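The structure appears below as structure tokens.
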Amino acid sequence: MANYRRATQLAAVGVVGALALAACGGGSSSDTSGSASGEASASASSGGGASGFDAAVNGVVNPSDATGGTLKLGATGDCDSWDPARTYYAWCWDMQRLMTRSLLGFAPEPGAAGTQVVPDLAESLGESNADKTQWTYKLKSGLKWDDGTPITSGDVKYAIERLFAVDVINGGPSFYYQPILSKCDAAGECEYKGPYQDKTGGLKSVETPDDQTIVFNLTQPFASFDYLMALPTSAPVPKARDTGATYTNDPASSGPFKMENYEPGKSVTFVRNDNWDQATDEIRTPKVDSVELTVYTNPDDIDKRLEAGDLDLIADGGVQQTFQTKIFTDPALKENADNPVTGFIRYLSVAQTFPPLDNKACREAIFYAINKKDLQLARGGEIVGGDIANVMTPPNLPGYDETSDLYPTGPDSTGDLEMAKQKLAECGQPNGFDVNMAYVPEGKGITVFNATQAALARVGINVKAAPGEQATYYSTFIGSPQNIIDKKLGLAIAGWGPDFPNAFGFWQSIANGDAIKEAGNSNYPSLDDPRINDLLNSVDAGSPDAATQETLGKSVDQYVMENAVYLPYVFDKALYYRNPRLTNIYLNGGVGNYYDYVNIGVSDGQ
């Protein structure tokens, strides 16, 4: 998810009049709400055909009705959680489509069209009152859990209630839901404490007049509410099967697959859910009988298995530099590769809660001394590493300003060492200082750490290694403000994409001081600027109006950069390789521009 978080590829989005965004790489938007199947709608709107370089970016590669076999995925780490309420890695949100359904979902389309929100468990998009403070949904008939029991509106309500139990259910974007469904104080403490503490009847703002209907009564207008209902965070949970913090080990399934044989940190297998009904699901048209995900700690080992055909895809990212070179020099390999813009910004989070980084000039010294050209190379170079970034807002997201650059690093982007030294003198550290840097010691995490260390050493800033584990890196390592202080994590490798495709969906989690959490925090530097908070807490922040989002995005980016706590260096790209045996494969903008795993087939039935 980067924190390989949500990366809805910035594109044309039609729900509730949402802001139209230009797709990275082209493609057209189309209405899929009435489509009979994911394969049919994708093929009809965007074309489908044989393999080729970038063929899956805006089309369906190798469309086929063949069924059977196993999709074999590899990853460098486990999901942060398999509990839909707690997971926040973008690739894991994609994996959730295998077994988790929500009221709404993202269309089964390649590229830009995949960011459109369409009905899933619900019969239609939400019906709202005039001021967007009440939203009503009606569930389809015939919906069942994997154990055969009916899926009801009460299951949806219970899932929302769990989001308030932050002492047990943490890590996901619960902060979107809490202030609009309960009264919460300035410190983020809400009156409702979740179902584990409150045994008296539940969250009063959510009504279930019958088993098919659910009504959300908001504390304030929120025009983007349909987006929230498309996130796995909103997926129903049956109260009778909830095990709290351990729900991740055996979550209930509402989708076409269910979890089996889960070994945390090692592997998980998904097999078909016999109680899922294709007639109720217009998003998923699964072809394989099972999906296997295996964790390999060595990314180059994954690449070798992928090239050999032992794996079909890398679930959590692109291939490494050695395999990248092979792909671009071998036409047979290249025709099965895709090199999309991901929609993520790659950046360094710079702490401000302990000396000497509590002095802004010391943080600015890092900004001027950084070598963005080397960081681009560390990510894979100009072709696959992404474009050099001087602002946090990704291109095509409201508020992006290509002319803005508060901390110029020279015409070649290798650093302004004289300005860095001036800032060091200004903050009372003329000879530099020591700083710990958090990163995951795998793949590009290592190369980015090395490049950062070399760049800052030029002005006497000594970067020391503080490695963390991928599965807990964002939840409790850099996602805990106290851990950042305790371990003095002055720098942290991070990445971000919007939770949903507007400026509010990009900034709320990482820039609003009111969104800071004790664990699962995404505002890593604990940024708490009243100017930013006021903008993001305003009634208009969630408006889909294009002009509103443009103004919001540009203002927040300016204030964030002035604080010198987020150091952007590249707008991300990735090089993916797909096994030639795969069918119905495409990159879906709505699931982070990853391949839409739930709809992929295999041509050999193996």
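We count residues from 1, following the sequence as given. Here the structure is a predicted model, which is why all the values come from computation and not from measurement.
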Next item on the list: Determine whether the aromatic ring centres of Phe270 and Tyr597 lie less than 6.0 Å apart.
Entry: no
Check: Is the number of heavy atoms from other residues, nucleotides or ligands within 6.0 Å of NZ (Lys326) greater than 12?
Finding: no
Checklist line | Any side-chain donor near an acceptor of the partner, Tyr262 and Asp250, under 3.5 Å | finding: no
Check: For Leu121, which of Ser234, Ser153, Pro236 qualifies under side-chain contact (heavy atoms from CB on, under 4.5 Å)?
Finding: Pro236
Note to self: Is it the case that the side chain of Asp303 and the backbone of Gln320 share a donor-acceptor pair, with hydrogens and angles ignored and the cut-off at 3.5 Å?
What the structure shows: yes
Item checked: Distance, nearest 0.5 Å, that separates CZ of Phe257 from CG of Asp289 -> 7.5 Å
Notebook entry, point to check: Taking the six-membered ring for Trp, is the centroid-to-centroid distance between Phe222 and Phe504 below 6.0 Å?
Noted result: yes
Notebook entry, point to check: Charged N to carboxylate O below 4.0 Å: is that the case for Arg284 and Asp281?
Noted result: yes
Check: Are Asp312 and Lys72 close enough for a salt bridge, meaning some N to O gap below 4.0 Å?
Finding: no
Checklist line | Backbone of Pro110 reached by a side-chain donor or acceptor of Asn58 within 3.5 Å | finding: no
Notebook entry, point to check: Got Asp147 and Asn275 here, is their nearest side-chain heavy-atom distance under 4.5 Å?
Noted result: no
Next item on the list: Determine whether the side chains of Tyr586 and Asn599 contain a donor N or O and an acceptor N or O closer than 3.5 Å.
Entry: yes
Check: Can we call the ring centroids of Tyr576 and Tyr595 under 6.0 Å apart?
Finding: yes
Notebook entry, point to check: Are the side chain of Lys140 and the backbone N or O of Asp120 linked by a donor-acceptor pair below 3.5 Å?
Noted result: yes
Checklist line | Any donor-acceptor pair under 3.5 Å from Asp155 side chain to Thr152 backbone | finding: yes
Next item on the list: Please check if the side chain of Tyr247 supplies one atom and the backbone of Pro84 the other of a donor-acceptor pair under 3.5 Å.
Entry: no
Checklist line | Residue pair Arg101 / Thr280, side-chain heavy-atom distance below 4.5 Å | finding: yes
Check: Would you say the side-chain atoms of Thr87 and Asp80 include a donor-acceptor pair closer than 3.5 Å?
Finding: yes
Note to self: Please check this pair: side chain of Glu292 against backbone of Leu73, looking for a donor-acceptor N/O pair closer than 3.5 Å.
What the structure shows: no
Check: Are the side chain of Asp226 and the backbone of Leu104 linked by a donor-acceptor contact shorter than 3.5 Å?
Finding: no
Checklist line | Spatial distance of atom CD (Gln324) from atom OH (Tyr577) [nearest 0.5 Å] | finding: 14.5 Å
Check: Just wondering, more than 12 heavy atoms not from Gln376 lying within 6.0 Å of its CD?
Finding: yes
Next item on the list: Measure from NZ or CZ of Lys334 to the centre of the six-membered ring of Phe53 and say whether it is under 6.0 Å with the direction within 45° of the ring axis.
Entry: yes
Note to self: Closer than 3.5 angstrom, by distance alone: can the side chain of Gln212 be matched with the main-chain N or O of Leu139 as a donor-acceptor pair?
What the structure shows: yes
Check: Are side-chain N/O atoms of Arg86 and Thr233 paired as donor and acceptor at under 3.5 Å?
Finding: no
Item checked: Exercise: do Tyr176 and Asp499 side chains pair donor with acceptor under 3.5 Å -> yes
Check: Under 6.0 Å between the ring centres of Phe216 and Tyr177?
Finding: no
Next item on the list: Taking the side chain as every heavy atom from C-beta outward, state whether Lys138 and Glu123 have any pair of such atoms under 4.5 Å apart.
Entry: yes
Check: Mind checking whether Thr136 and Ile214 have side chains closer than 4.5 Å, heavy atoms only?
Finding: no
Margin query: We want to know whether Trp145 and Asn273 form a side-chain donor-acceptor pair, criterion being a heavy-atom distance below 3.5 angstrom.
Written below: no
Note to self: Check this for me: Glu260, atom CD, are more than 12 non-hydrogen atoms of other residues, nucleotides or ligands nearer than 6.0 Å?
What the structure shows: yes
Checklist line | Listed partners of Arg162 passing side chain to side chain donor-acceptor pair (under 3.5 Å), at least two apart | finding: Asp83, Tyr196, Asp242
Notebook entry, point to check: Between the side chains of Ser81 and Tyr88, does any donor sit under 3.5 Å from an acceptor?
Noted result: no
